[in-house]
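Small disclaimer: the values here were computed from a predicted structure and weren't measured. A, B, ... follow the sequence lines: proteins, then strands. Residue 1 opens every chain.
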There are 2 protein chains.
Amino acid sequence: MDFDQLADCHKALGDKTRLRILALLKEEDLCVGELVEILKMTQPAVSQHVRKLRQARLVRERRQGQWVFYSLDGRDYPFFLSFLRTLPDQQDEIQRLKAEGKKGVCD
Amino acid sequence: MDFDQLADCHKALGDKTRLRILALLKEEDLCVGELVEILKMTQPAVSQHVRKLRQARLVRERRQGQWVFYSLDGRDYPFFLSFLRTLPDQQDEIQRLKAEGKKGVCD
DNA sequence: AAACAATATAAGAATATGCTTATATATCGG
DNA sequence: CCGATATATAAGCATATTCTTATATTGTTT
């Protein structure tokens, strides 16, 4: 793999918020609104982060009605699975979202 | 591993020059002057890059006389070996250095 | 000790990044 | 088609990054 693509990939990974997003997507696919809810950030900020992840081919997007769901991709990167294992568990965050009745609203 | 340390690690990896340095160190330990020679960059620029790698605990330094040799570390990161495998081979660069008689000067 | 060699650090300038607010686009339901 | 909802993009500002040049530090050699 060439240095430019690899550097872009790691630039995308070099941000705490984007790492949290990946850790969340490891649990399950989420739409932007759900990420906004969990991360407590503005919607544009979240959109800009997922865009970077998509440009680095670390996530894929899938439109479903008026929502856009993001899911892990990373198939370009042989180290991706190994990397994912180092991410802290975010099950709690997902649980909290569900407890507050804000998961499953998107469909 | 916590998000802050992981983000710092990937920030350090998110630069083409630093990736090249790691790819070179994968071949063998090198001192700053050798890196300067191969990378065709100024000495302070190279020093600043290796410092970032060291702060992220991706390389270790070892003083040997008036030279400082750098070598791969990364033992904090379970994905490190897997990551290293994605780096382009730099054997040619090392060969070129030796061919020009600029390797082995440091000792 | 003085001169030299290798490396590190500091300060400043140019560019990149990440946020905010405002606005545009896309889809759904009536 | 229209209003509402979800998401994306744009512009501007604050901070971070990376280079350059100048200088400091560390170790060697005479």
Taking the side chain of [X] as heavy atoms from C-beta outward, which of [options] is closest to it?
| X | options | value |
| --- | --- | --- |
| A:Q66 | D:dA8, D:dT5, C:dC19 | D:dT5 |
| A:R51 | C:dA6, C:dT17, D:dT9 | D:dT9 |
| B:R63 | D:dA6, C:dA6, D:dT26 | D:dT26 |

**Request:** Respond yes when some side-chain nitrogen or oxygen of A:K11 is under 4.0 Å from OP1 or OP2 of D:dT17, and no when none is.
**Result:**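 Result: no.
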
**Asked** For B:Y70 and C:dA8, is the shortest distance between a side-chain N/O and OP1 or OP2 below 4.0 Å?
**Response** yes

Atom [atom1] of [X] to atom [atom2] of [N]: distance rounded to whole Å?
| X | N | atom1 | atom2 | value |
| --- | --- | --- | --- | --- |
| A:D8 | C:dA16 | CG | P | 12 Å |
| B:F69 | C:dT7 | CZ | P | 8 Å |
| A:Q64 | C:dA26 | CD | P | 19 Å |
| B:W67 | D:dG27 | CH2 | P | 13 Å |
| B:L53 | C:dT7 | CG | P | 16 Å |
| A:K16 | D:dT15 | NZ | P | 18 Å |
| A:D15 | C:dC19 | CG | C1' | 11 Å |
| A:L30 | D:dA6 | CG | C1' | 15 Å |

Tell me whether [X] is salt-bridged to [Y], with the criterion being a basic N under 4.0 Å from an acidic carboxylate O.
| X | Y | value |
| --- | --- | --- |
| A:D76 | A:R57 | yes |
| A:K98 | A:E28 | yes |
| B:R62 | B:D29 | yes |

**Message:** Parallel, tilted or perpendicular, judged at 30° and 60°: which one describes the rings of A:H10 and B:F83?
**Reply:** perpendicular

**Request:** Would you indicate whether the side-chain heavy atoms of B:S47 and B:V32 approach each other to under 4.5 Å?
**Result:**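 A side-chain contact under 4.5 Å exists here.
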
**Side chains of B:L30 and B:I21 in contact at under 4.5 Å (non-hydrogen atoms)** = no

**Nearest-nucleotide 5' precedence on DNA chain C, A:G65 against A:G14** = A:G14

**Message:** Evaluate A:K11 against B:D15 for salt bridge (charged side-chain N to carboxylate O under 4.0 Å, His left out), listing each step before the verdict.
**Reply:** CA-CA 7 Å; A:K11 258 191 258 279; B:D15 178 272; 5.4 Å; no

Tell me what [X] touches on the nucleic acid: a base, only sugar-phosphate, or nothing, going by heavy atoms under 4.0 Å.
| X | result |
| --- | --- |
| A:E61 | sugar-phosphate |
| B:R18 | sugar-phosphate |
| A:K52 | sugar-phosphate |

**Item:** Near-strand residues of residues 31-50 of chain A, defined as heavy-atom separation under 4.0 angstrom from DNA chain D
**Value:** A:C31, A:V32, A:G33, A:Q43, A:P44, A:S47, A:Q48

